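First the structure, in the form of structure tokens, and then the observations on it.
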Protein chains: 2
Amino acid sequence: MISEKTIERLSLYRRILQQLRVEGKETIMSHELADLLHIKPAQVRRDIMQLGYSGIPNSGYRIRPLLESIANFLDSPLPQSAVLVGVGHLGLALLANFAGRWRQLAIRAAFDKDPAKVGHTFHGCRCYSMLDLQKVIVETKSIVGILAIPGEGAQSVSDLLVQSGISGILNFSPLRIKVPNSVFVEHVDLSTTFEKVSFFARRMKHYVEEEKWKIEHETDEGEYETLTTNQ
Amino acid sequence: MISEKTIERLSLYRRILQQLRVEGKETIMSHELADLLHIKPAQVRRDIMQLGYSGIPNSGYRIRPLLESIANFLDSPLPQSAVLVGVGHLGLALLANFAGRWRQLAIRAAFDKDPAKVGHTFHGCRCYSMLDLQKVIVETKSIVGILAIPGEGAQSVSDLLVQSGISGILNFSPLRIKVPNSVFVEHVDLSTTFEKVSFFARRMKHYVEEEKWKIEHETDEGEYETLTTNQ
DNA sequence: GTATAATTGTGAATTTATGAACAAATTATA
DNA sequence: TATAATTTGTTCATAAATTCACAATTATAC
Ligand SMILES: NC(=O)c1ccc[n+]([C@@H]2O[C@H](COP(=O)([O-])OP(=O)(O)OC[C@H]3O[C@@H](n4cnc5c(N)ncnc54)[C@H](O)[C@@H]3O)[C@@H](O)[C@H]2O)c1
Ligand SMILES: NC(=O)c1ccc[n+]([C@@H]2O[C@H](COP(=O)([O-])OP(=O)(O)OC[C@H]3O[C@@H](n4cnc5c(N)ncnc54)[C@H](O)[C@@H]3O)[C@@H](O)[C@H]2O)c1
């Protein structure tokens, strides 16, 4: 019923609104939010509509109650825990940002198969042995697992997480893991993202050079198609 | 004309096919690739069609030439360079993975405003002063910039990158930067992604518990709507 | 107060992405 | 060599996401 895209935008709105509130702003209009995010005002209004929150015509949305509506919608009534598997380069960066930083949602435990890491604490988060996975997940009541290990181990660790009661996985490994359809998976594939940016960067450059050429040579506007981008 | 989604999938196909080739596989059929990625075969055929490459009915695609077609389409004829701004927790992880690892596309230089980092080399990549940004970008002919700094500095650094000739930006900061429409931007917003996974994890759990309840109480199948997911 | 200007909420239109289905092509097989 | 079995390329259909556009509503100016 509610789409992933909408959830992502609601999370964004919240972050922006929290900032604006500390700056003393009390109300906001759909086109202001839209401009900050480079989207259309109708999109903002539609998303907020789905919350059940109503704005005031000719005046906009009151930030305080809108934030409450978003929190009400996005957040769990209880603080929510996540666990991280793989305390390597990426895992460490994630711990630096998400280990107990927010009360509402945070990484509460980490795991690694490397004995050198087990028992140590990284950015305030303890690293456990893989043998303790199920026990710790149950104890911390975690429902989200973050995979920051190489593709090789990803499927088997994913299976373990699911067995232990995890129902959402954030997967940074390049492998597309298979899970029961009662589990939500998000693949963050930084390599393909990097390649994509590189691809479009090149196209943009070509397009711009083509435009320059056309201007220099004062040709009439030919039927060049513009690039499709997400801006 | 070609969509971002298609580019992402082509990059995925390539990675899988490279692996399969070293395992000795010579041909592949659309449904095999589709199964590995949890998508539909028609999607695979459509994507490959856009490359201009043709498969063989009743036999599939020959992996070697297909890989060549993909490389031809996705890659620059010359090796392509990227620069990273912000050698913090995340920046370091990115350097560990992308600093000169591939010949075709790699991070060739890093920048940080912290004097303690300037002049040092991280994972084989030299960190320069922000003052050298333009010079190094021009020298390395980089067209991609990666932002791994806090939101505060993101807009001004982005402007600098664009001034220096960058035409693609991979932005890890929470700020939605503004760029001319001749520049491609990809926002990787790990906080919102994390919140999204948490949100759907919770819904999944509820949904599953609801199903269990229904089974235990042997009610007739009510009109419960299923969740929309991306699996 | 009344008029004016502005902004919301939302149905309808549009665009974009995905999926189903089938003729055409090709291989394998009898 | 002919037939059967498959898989591709692609058209047409469906679904999802976005955008338009405008009536309804409210604030503000006069
Ligand atoms: N670092 C990046 O910027 C980056 C970029 C693109 C993709 N990735 C992907 O993210 C994942 C992690 O990357 P990284 O750079 O942190 O790798 P890394 O090698 O630095 O760290 C991997 C960690 O996972 C642990 N590990 C390995 N297999 C395990 C298993 N089966 N169970 C438990 N722990 C295990 C290792 O001991 C190590 O600590 C990899 O799949 C990588 O391809 C990372
Ligand atoms: N680490 C994560 O897992 C994670 C998760 C979500 C979001 N992010 C975002 O990614 C970005 C980087 O995160 P991090 O954890 O690496 O932060 P960090 O604080 O560890 O590193 C930031 C680095 O950028 C440098 N820097 C800051 N301002 C700069 C400027 N104007 N010019 C040049 N260099 C500058 C700092 O000196 C530091 O080295 C942040 O915007 C953060 O919100 C990171």
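Just so it is clear, the structure is predicted and the values come from calculations on it, not from any experiment.
- Between B:Ser54 and D:dT8 there is no side-chain polar atom (N or O) within less than 4.0 angstrom of OP1 or OP2.
- The side chain of B:Arg46 lies closest to D:dT11, out of C:dT7, D:dT11, D:dA27.
- If you check D:dA27, C:dT18, C:dA25 against the side chain of B:Lys5, the one that comes closest is C:dT18.
- Mapped onto DNA chain C by nearest heavy atom, B:Arg9 and A:Ser30 fall at different nucleotides, with A:Ser30 at the one closer to the 5' end.
- Side-chain nitrogen and oxygen atoms of B:Ser59 include none within less than 4.0 Å of the OP1 or OP2 phosphate oxygen of D:dT6.
- With respect to A:Asp159 and A:Lys178, no salt bridge is recorded, no charged nitrogen being found less than 4.0 Å from a carboxylate O.
- Take the nearest nucleotide of DNA chain C for A:Asn58 and for B:Gln43: the residue whose nucleotide is more 5' is A:Asn58.
- Residue A:Tyr61 has a polar side-chain atom (N or O) positioned under 4.0 Å from OP1 or OP2 of C:dG9.
- Using cut-offs of 30° and 60° on the angle between ring planes, the pair B:Phe200 and A:Phe184 is parallel.
- Salt-bridge annotation for B:Lys196 and A:Glu186: present, with a side-chain N of the basic residue lying under 4.0 Å from a carboxylate O of the acidic one.
- Picking from C:dT10, D:dT10, D:dA27 the nucleotide with the shortest atom distance to the side chain of A:Ala42 gives C:dT10.
- Other residues, nucleotides and ligands place more than 12 heavy atoms under 6.0 Å from the CZ atom of B:Arg15.
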